[in-house]
There are 2 protein chains.
Amino acid sequence: MTAEQRILDAALKVFASEGYTGATTRRIAEEANVAEVTLFRKFQSKENLLREVLLQNRDAFSTLENLFQIKEDLDLETDLHILGKNIAKVMKDKKNDGKRHMFMFMLFEEGRRRPEVAEILSSFIQMNITRLSEYFELQIKNGKMRNINPRSAALTFVSYFVYTSLLRGVFGDSFLGDSDEEIERFIDIFTKGILKVEDMKTR
Amino acid sequence: MTAEQRILDAALKVFASEGYTGATTRRIAEEANVAEVTLFRKFQSKENLLREVLLQNRDAFSTLENLFQIKEDLDLETDLHILGKNIAKVMKDKKNDGKRHMFMFMLFEEGRRRPEVAEILSSFIQMNITRLSEYFELQIKNGKMRNINPRSAALTFVSYFVYTSLLRGVFGDSFLGDSDEEIERFIDIFTKGILKVEDMKTR
DNA sequence: ATCGGAAGTAAGTAATTACTTACATATGAA
DNA sequence: TTCATATGTAAGTAATTACTTACTTCCGAT
């Protein structure tokens with residue numbers, strides 16, 4: 001692996017665990033096994049390094065796209081199970097020992113100060129919500145789903161995954177129970193609601 | 001207002017917007033309209049100041065308890081509407097121009113480095129989820145809710161509010177639509193699910 | 001009027017940090 | 001070999017930051 005790539009990986013990792021302000025170029029260089037001066041020769045400044053990590057991972061995140069390519073022949077519930085488990089998997093493992101979702105949360109913090117960061121993050125979130133919305137819209141047209149606002153459904157769906165992965169990242173996996181079981185329970189609620197059928201009034 | 005309290009308020013505000021590492025004692029003192037040395041005389045160190053802010057706001061947050069005191073005579077959906085809107089209100093306004101939820105997110109970051117912070121945060125989250133769980137358990141016993149895992153229901157419920165308030169905090173209120181309308185749509189999904197009634201298989 | 005405590009002013013210290021400069025070494029292509 | 005390029009070592013700079021010390025001012029209670 002090239003020095004450049006090692007620095008980018010190290011930066012992702014250190015930014016994720018220390019935050020942008022908390023991460024020092026020394027620590028990043030150390031983690032990448034390069035001299036600190038090499039980092040500056042290749043990336044000029046810490047700010048620019050963040051930008052490069054962002055660009056590289058914007059594409060990496062976009063492979064989430066694949067997760068949204070759901071076969072239409074399966075039923076909605078099965079689709080969501082597969083999708084949910086894939087999202088959880090992508091957020092967790094990958095390289096950088098699952099630091100990627102922690103990197104994302106660091107972006108939330110940093111986004112409030114750097115408009116460029118906010119913009120990239122926002123476009124990424126919008127993209128995913130929109131893609132999911134379109135899927136729901138299709139399901140509604142196919143008569144497989146109630147006629148509800150598809151964006152609200154998408155927002156509800158991703159809320160769960162973002163929040164649980166935040167909790168797991170901060171407090172460890174023991175904080176919540178087994179991931180797969182939890183997801184199944186969530187999808188049960190998401191698809192069927194918490195009410196008893198006979199109590200549902202307006203549908 | 002005493003100098004001590006002004007410093008605590010200022011600290012909450014600056015910690016929330018700059019993060020713990022990013023916040024400087026100078027900025028906090030400035031925001032509180034006191035000399036920097038006064039801050040140190042009263043709180044000894046920045047770390048200790050964070051601890052004090054935390055302690056004070058742990059109690060303030062706990063007034064969320066009131067939001068969970070739901071009258072049993074109303075029906076579940078009405079309860080949730082009221083609860084949801086109250087949560088949204090508490091997260092937003094209050095004093096410190098709605099910085100309080102941003103302070104909470106800063107705690108998530110800081111919690112990964114400081115076990116004491118993680119513990120306070122974790123106990124706060126657990127407390128709220130437990131309280132909500134108990135409410136759901138009661139509703140299940142009263143036959144008003146399907147027999148689902150109450151903790152999962154609680155987790156699903158709070159996920160939505162935490163995530164949307166994070167999005168509003170970072171990207172502004174325009175990122176999502178009107179808060180009340182959004183909440184209504186969420187509760188519709190949460191209570192009734194997205195599926196059509198006739199498609200629900202196992203209940 | 002005076003005395004004590006809370007607050008301010010001013011200056012400084014030691015550490016850290018992003019970033020630079022100057023020079024040396026290694027390596028692979030010509 | 002030679003030479004360009006990539007990388008390392010070492011030292012330093014200017015700014016920032018948490019925190020301290022010494023002295024002064026303000027103010028309410030006695």
Side-chain angles (χ1 to χ4, degrees), chain A residues 1-56 99 102-103 106-107 109-117, chain B residues 1-56 99 102-103 106-107 109-117:
Chain A
M1 196 156 49
T2 88
E4 221 146 330
Q5 188 55 49
R6 272 184 359 253
I7 294 172
L8 285 167
D9 288 351
L12 173 67
K13 201 166 167 178
V14 178
F15 281 149
S17 74
E18 312 292 326
Y20 177 77
T21 324
T24 71
T25 51
R26 174 136 62 90
R27 269 278 290 130
I28 295 172
E30 200 173 280
E31 185 77 31
N33 267 313
V34 298
E36 199 180 351
V37 74
T38 305
L39 184 157
F40 283 102
R41 274 201 274 249
K42 300 227 175 266
F43 296 97
Q44 291 80 49
S45 72
K46 187 182 169 185
E47 195 173 336
N48 191 54
L49 176 58
L50 173 65
R51 193 168 16 252
E52 297 292 334
V53 176
L54 247 151
L55 291 179
Q56 182 167 88
K99 296 275 182 198
M102 279 300 124
F103 180 72
M106 180 234 110
L107 294 184
E109 268 239 61
E110 209 48 32
R112 275 163 36 231
R113 274 157 254 150
R114 305 179 123 68
E116 21 141 14
V117 172
Chain B
M1 197 155 48
T2 87
E4 223 146 325
Q5 189 54 49
R6 271 180 5 247
I7 294 173
L8 286 167
D9 288 351
L12 173 67
K13 199 165 167 179
V14 178
F15 282 148
S17 74
E18 312 293 326
Y20 177 77
T21 324
T24 71
T25 50
R26 174 136 61 89
R27 268 279 287 128
I28 295 172
E30 202 173 280
E31 185 78 31
N33 267 312
V34 297
E36 199 180 352
V37 75
T38 304
L39 184 157
F40 284 101
R41 274 199 275 248
K42 300 225 175 265
F43 296 98
Q44 292 80 49
S45 72
K46 186 183 171 184
E47 195 174 336
N48 192 53
L49 177 58
L50 173 65
R51 192 166 18 251
E52 297 292 334
V53 175
L54 247 150
L55 291 180
Q56 179 164 92
K99 296 276 182 198
M102 280 299 125
F103 179 73
M106 180 234 110
L107 294 185
E109 269 239 60
E110 208 48 31
R112 275 163 35 231
R113 274 158 253 148
R114 305 179 124 70
E116 21 140 12
V117 172

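Hydrogens, waters and symmetry mates play no part in the numbers below; they use all other heavy atoms, side chains included. Sequence lines set the chain letters: A, B, ... in the order given, protein chains first and strands last, and positions in each chain run from 1.
Phosphate proximity of D:dT7 to A:K42: present, with a side-chain N or O under 4.0 Å from OP1 or OP2. Checking the phosphate oxygens (OP1, OP2) of C:dA7, no side-chain nitrogen or oxygen of B:T38 falls inside 4.0 Å.
For B:K42 (side chain) and B:L49 (main-chain N/O), no donor-acceptor pair under 3.5 Å exists by modelled atom type.
Applying the ring pair (Phe, Tyr, Trp, His ring centres under 6.0 Å) test to pairs two or more places apart or on separate chains, those with a residue in residues 7-41 of chain A are A:F15-A:Y20.
Residue B:N48 is classed as having no contact, given no heavy-atom separation below 4.0 Å to the nucleic acid.
With sequence neighbours excluded, the residues forming a salt bridge (Lys or Arg N to Asp or Glu O under 4.0 Å) with A:E31 are A:K13, A:R27, listed by chain and number. Among residues two or more places apart in sequence or in another chain, the side chain to side chain donor-acceptor pair (under 3.5 Å) test is passed with A:Q44 by A:N48. With sequence neighbours left out, the salt bridge (Lys or Arg N to Asp or Glu O under 4.0 Å) criterion links B:E116 to B:R51, B:R114. Listed by chain and residue number, nothing satisfies the salt bridge (Lys or Arg N to Asp or Glu O under 4.0 Å) test with A:R26 (two or more places apart in sequence, or in another chain). Residues forming a side chain to side chain donor-acceptor pair (under 3.5 Å) with B:R41 (at least two apart in sequence, or on another chain): none. Looking at residues two or more places apart in sequence or on another chain, you find no side chain to side chain donor-acceptor pair (under 3.5 Å) involving B:T21. For B:A16, the side chain to side chain contact (heavy atoms under 4.5 Å, CB included) test picks out B:K99, B:M102, B:F103, with sequence neighbours left out.
The CD atom of A:E109 sits 4.0 Å away from atom CD of B:E109, with the distance rounded to the nearest 0.5 Å.
The base of D:dG8 lies close enough to the side chain of A:R41 for a donor and an acceptor atom to sit less than 3.5 Å apart.
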Start with the C-alpha gap between B:D9 and B:V53, add the side-chain angles, then the distance that decides, and say whether side-chain contact (heavy atoms from CB on, under 4.5 Å) holds. CA-CA 8 Å; B:D9 288 351; B:V53 175; over 6 Å; no

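Between the CD atom of A:E4 and the P atom of D:dA6 there is a distance of 9 Å, given to the nearest Å. Residue A:F43 contributes atom CZ, which lies 11 Å from atom P of D:dT7 at whole-angstrom precision.
Proximity of residues 109-116 of chain B to DNA chain D (heavy atom under 4.0 angstrom from any strand atom) is not detected for any residue.
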Nucleotide N/O to protein N/O under 3.5 Å, stretch nucleotides 12-20 of chain D:
residue, atom, partner, partner atom, Å
D:dA18, OP1, B:A23, O, 3.3
D:dA18, OP1, B:K46, NZ, 3.2
D:dA18, OP2, B:T25, N, 3.1
D:dA18, OP2, B:T25, OG1, 2.9
D:dC19, OP2, B:K46, N, 2.6

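For the strand DNA chain D, secondary-structure stems (runs of at least three Watson-Crick or G-U pairs, all distances below 3.5 Å) span C:1-30 with D:1-30.
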